[in-house]
Amino acid sequence: MPVRLRKFVGAIALFVLVSVWALLAMAVAQFPAIRDNSVLSVIYYVIAGLGWIVPAMPLVSWMSAR
């Protein structure tokens, strides 16, 4: 696959990943256990905010492979 096409497909996949991740994170944030506890809420938002990086790393490395 040409590099330009691989980067285009990877960019679309990253956009989909971040969109789905954000929607799922917002839905899970509404669980009563997370919503009602401020300490648990902060911990959840830190994990959810940084958690999309783990599945994105293999995708980015695939995009940059030659």
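Only heavy atoms go into these numbers, but all of them, side chains included; no hydrogens, no water, no symmetry mates. It should be emphasised that the depicted structure is a prediction, and the values quoted were computed from it without experimental measurement.
- Linking ILVMFWY residues whenever their side-chain heavy atoms come closer than 4.5 Å, directly or via other members, leaves V28 and I53 in distinct clusters.
- Nearest heavy atom pair, residue I34 against residue S41, reads O-CB, 3.5 Å.
- Side chains of W62 and V9 form a contact here, defined as non-hydrogen atoms less than 4.5 Å apart.
- Under the 4.5 Å side-chain contact rule for hydrophobic residues, M1 and M63 share a cluster.
- In plain terms, the two heavy atoms of P55 and G51 that are nearest each other are CD-O, 3.1 Å.
- Here the shortest heavy-atom pairing between L40 and A33 reads CD2-O, 3.3 Å.
- A single hydrophobic cluster is seen to contain both F31 and Y45, as judged by linkage of ILVMFWY side chains at heavy-atom distances under 4.5 Å, directly or through other members.
- Both V18 and M57 sit in one connected hydrophobic cluster of ILVMFWY residues. Membership requires side-chain heavy atoms under 4.5 Å apart, directly or through other members.
- Residues L50 and W21 share a single hydrophobic cluster, defined by chaining ILVMFWY side chains whose heavy atoms lie under 4.5 Å apart.
- For the atom pair OG of S64 and CZ of R6, the computed distance is 8.5 Å after rounding to the nearest 0.5 Å.
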